[in-house]
There are 2 protein chains.
Amino acid sequence: MKNNLSIRDIAKLSGVSVSTVSRVLNNNGRYSEATKEKILKIAKENGYRPNSLARNLRKQASTFIGIIVPDISNEFFAKIVKDCEQLLFSIGYLAIVCNTERNPELEKRYIEKLSNHMVAGFIIISTNATTIRNLNLTLPIVYIDRTPNLGENSISVSSDNYLGGKIATKYLIRSNADPYMFITKTIKQSTTEDRISGFKDVLIKENIEGNRIFSLNTTSDCVFSDLREIRKYLDTLIEKRKKIGIFAINDKVAAAILKVAMSKKIKIPEELSIVGFDDISISKTAAMPITTISQNTSSISSQAVNALFECLNKNIQISRKIVIPIELIKRATA
Amino acid sequence: MKNNLSIRDIAKLSGVSVSTVSRVLNNNGRYSEATKEKILKIAKENGYRPNSLARNLRKQASTFIGIIVPDISNEFFAKIVKDCEQLLFSIGYLAIVCNTERNPELEKRYIEKLSNHMVAGFIIISTNATTIRNLNLTLPIVYIDRTPNLGENSISVSSDNYLGGKIATKYLIRSNADPYMFITKTIKQSTTEDRISGFKDVLIKENIEGNRIFSLNTTSDCVFSDLREIRKYLDTLIEKRKKIGIFAINDKVAAAILKVAMSKKIKIPEELSIVGFDDISISKTAAMPITTISQNTSSISSQAVNALFECLNKNIQISRKIVIPIELIKRATA
DNA sequence: CTGAAAGCGCTAACAG
DNA sequence: CTGTTAGCGCTTTCAG
């Protein structure tokens, strides 16, 4: 195995000391051009690879970043993880990805394990904040999507969910639709709460009354497995013989509503307008392109990585709340 | 920072030597119950975390596995990466995830970087095999999805794409449809090739003639961005006034065809049958549930992790080709 | 410009 | 049952 060569072997082979080899390999100066050439040549010939573990140990540093995420098979999360990973790699870090399934116990175990001097910092996507607090970590952490209500120093990056909720609702009202919102069963999340707040605040401002939020007894990931509930609610709404406007908590729910509506031959957007949230691919692949509030995932990722990078370099824990603008994407459903 | 305590600090605090602490921490026996209790207590009180980097360095081992994947925002890949990651974690490994975008240069850089004693092995999903060969790695590698034609020892895990192609085609023919296949522009991949072979072989056996493969000038990921080509092909086929059966290279393409067909009011499955491949979520969320060949992603992942684990433990490079059975899932489109 | 030596935190002989 | 010690591969003073 040529791979097992150490810096000492290279030193021996080149007839110099290990420190010289190290200096050459790290471009630390204080060596002659001739030795440099020689060492580099020998290192290359032998396929020398520096042992990053040893280097990290010596430098008391790590080139790993832990990315904690509920589930990368969720497209929205996958995009963010992917972007973060690629940005991290471009600045010399590697991403250790951990799927927690929103299981707080598992999440805790991941974070503990990664804290064992393995990672330089964390990017934590959509977490339950409470589990983190107990670990009294000193590593920099950037939270994405869900903002934990920690008083401590922390960085959070998320879309302007509140404004998104408002814009979607206003748009529905402006197109003369009677606004309703469809949400799913979900653990209390700041993002969802914010979208709902946006919706409610517009209703108040416009003096629209009544309970206009329909809560589906399913999660967003399973919304397609049983459409009967949506069908029932839609029947209720259609009876009113007014143009209906539905703000769906996310694109999956919007797509499910669209599917039911089309099977009922409801005219979209004439009789029913739908606005989703997230702008994931389903809003393009659905039978009709779905109007939605787009989250700028690449901006989220780059802001998160930048903030983390800043912490890492300055070696301080900064406190910052970064809000990423959202955008209404007008397509066919509203 | 309590985190910075080392084993030596714990030793000092407990009034024992480092080796005793090490033995206790690793359950290596040869210590009294009393010292064990004491050390564990002190370690806990001080929030001691063993430095895994140092441990790995000393043991000449790594608890990282590199997962190389084109793109985790592709649902099929995401599922596999997620399953692998979770299985790896359950046996004590952490996954370093690398998105290569099918860029051979980037892929090479990732693999080189990870080879620097950082990872114990690789899971490489859907790669261009040629780039690997040059790196003469000694680490165990499991290939998923795409089987590189390396003569060397290597492990590959993939679905039975050939049989999948055959089953889909036979099913179409048995339901009295005239079989055609829709493929996309893609780099030469063994998986795609196998599905096509399956299709072709059935045609030969059934004495069905003519060029029946329509090649779309797009990639699967972009197939929805311009449906005109599909529309055109569908027009051509429908003119024949026979029941048409389309085997789509994957579910995304199937969903695009379905979308176009529905907008043309073509009766499905009476006039047109569609069978997809992969069984990703779009086949459930589409306007009509799509009949498809299901790839058992969890089986793929577990076989891959098992094989890798075997290599890691026995410290040998085994050679094995694992083929995962596929399954026809009958839904509404065929 | 170069080398010797210390030591990052840990494990594993070996000696007692 | 416990301690001493060497050393994993590397970087980095400190001397020369």
Side-chain angles (χ1 to χ4, degrees), chain A residues 1-40 42-43 46-64 92 113-120, chain B residues 1-40 42-43 46-64 92 113-120:
Chain A
M1 331 251 157
K2 296 188 170 182
N3 285 8
N4 286 348
L5 281 193
S6 79
I7 199 172
R8 191 144 42 223
D9 299 316
I10 301 299
K12 224 167 268 171
L13 254 32
S14 328
V16 296
S17 73
V18 285
S19 35
T20 303
V21 177
S22 172
R23 279 191 291 257
V24 168
L25 262 24
N26 294 288
N27 269 312
N28 274 342
R30 294 180 295 160
Y31 47 78
S32 69
E33 195 58 24
T35 36
K36 178 187 167 182
E37 304 269 293
K38 186 171 58 181
I39 291 172
L40 254 28
I42 291 182
N46 293 279
Y48 170 74
R49 296 184 202 288
N51 184 327
S52 320
L53 250 44
R55 175 179 287 173
N56 284 349
L57 177 61
R58 174 60 229 239
K59 295 178 101 168
Q60 293 290 79
S62 158
T63 51
F64 297 118
K113 177 134 196 190
L114 293 189
S115 305
N116 296 351
H117 308 255
M118 287 179 142
V119 298
Chain B
M1 328 255 155
K2 296 188 168 180
N3 284 7
N4 287 348
L5 280 193
S6 80
I7 199 172
R8 190 140 46 222
D9 299 316
I10 301 298
K12 223 167 268 170
L13 254 33
S14 330
V16 297
S17 73
V18 285
S19 40
T20 303
V21 177
S22 172
R23 279 191 290 256
V24 168
L25 260 27
N26 294 288
N27 268 313
N28 274 341
R30 294 180 295 159
Y31 47 76
S32 69
E33 195 59 24
T35 36
K36 177 186 168 186
E37 304 268 294
K38 185 171 57 183
I39 290 171
L40 254 29
I42 291 181
N46 293 279
Y48 169 74
R49 295 184 202 288
N51 184 328
S52 319
L53 249 44
R55 175 179 288 173
N56 284 348
L57 176 62
R58 173 62 229 241
K59 295 179 100 168
Q60 292 291 78
S62 159
T63 50
F64 297 117
K113 176 134 196 190
L114 293 189
S115 304
N116 295 352
H117 308 254
M118 287 178 141
V119 298

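Order of the sequence lines fixes the chain letters, A, B, ..., with proteins taken first and strands second; residue numbering starts at 1 for each chain.
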Quiz prompt | Side chain B:Lys113, main chain A:Gly92, donor-acceptor under 3.5 Å | solution = yes

Practice problem: Report yes or no: does B:Ser14 contribute a side-chain atom to a donor-acceptor pair with the main-chain N or O of B:Val16 at less than 3.5 Å? | Solution: no

Exercise. For nucleotides 9-16 of chain D, just jot down a letter per nucleotide in 5' to 3' order: B, S or -, based on protein non-hydrogen atoms under 4.0 Å.
Key: BBBBBB--

Quiz item: Which two nucleotides bound the region of DNA chain C that has atoms under 4.0 Å from heavy atoms of chain A, read 5' to 3'?
Solution: C:dC1 to C:dG9

Quiz item: Rounding to a whole Å, what distance do you find between B:Glu33:CD and D:dT2:C1'?
Solution: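 Going from CD in B:Glu33 over to C1' in D:dT2 covers 16 Å.
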
Just verifying a value: how many Å separate [X] [atom1] and [Y] [atom2], rounded to the nearest 0.5 Å?
X        : Y        : atom1 : atom2 : value
B:Thr35  : B:Leu40  : OG1   : CG    : 10.0 Å
A:Asn46  : A:Ile10  : CG    : CD1   : 5.0 Å
B:Met118 : A:Asn56  : CE    : CG    : 5.5 Å
A:Leu53  : B:Asn116 : CG    : CG    : 10.5 Å
A:Ser6   : A:Lys12  : OG    : NZ    : 7.5 Å

Quiz item: Does a donor on one side chain sit under 3.5 Å from an acceptor on the other, for B:Ser22 and B:Ser19?
Solution: no

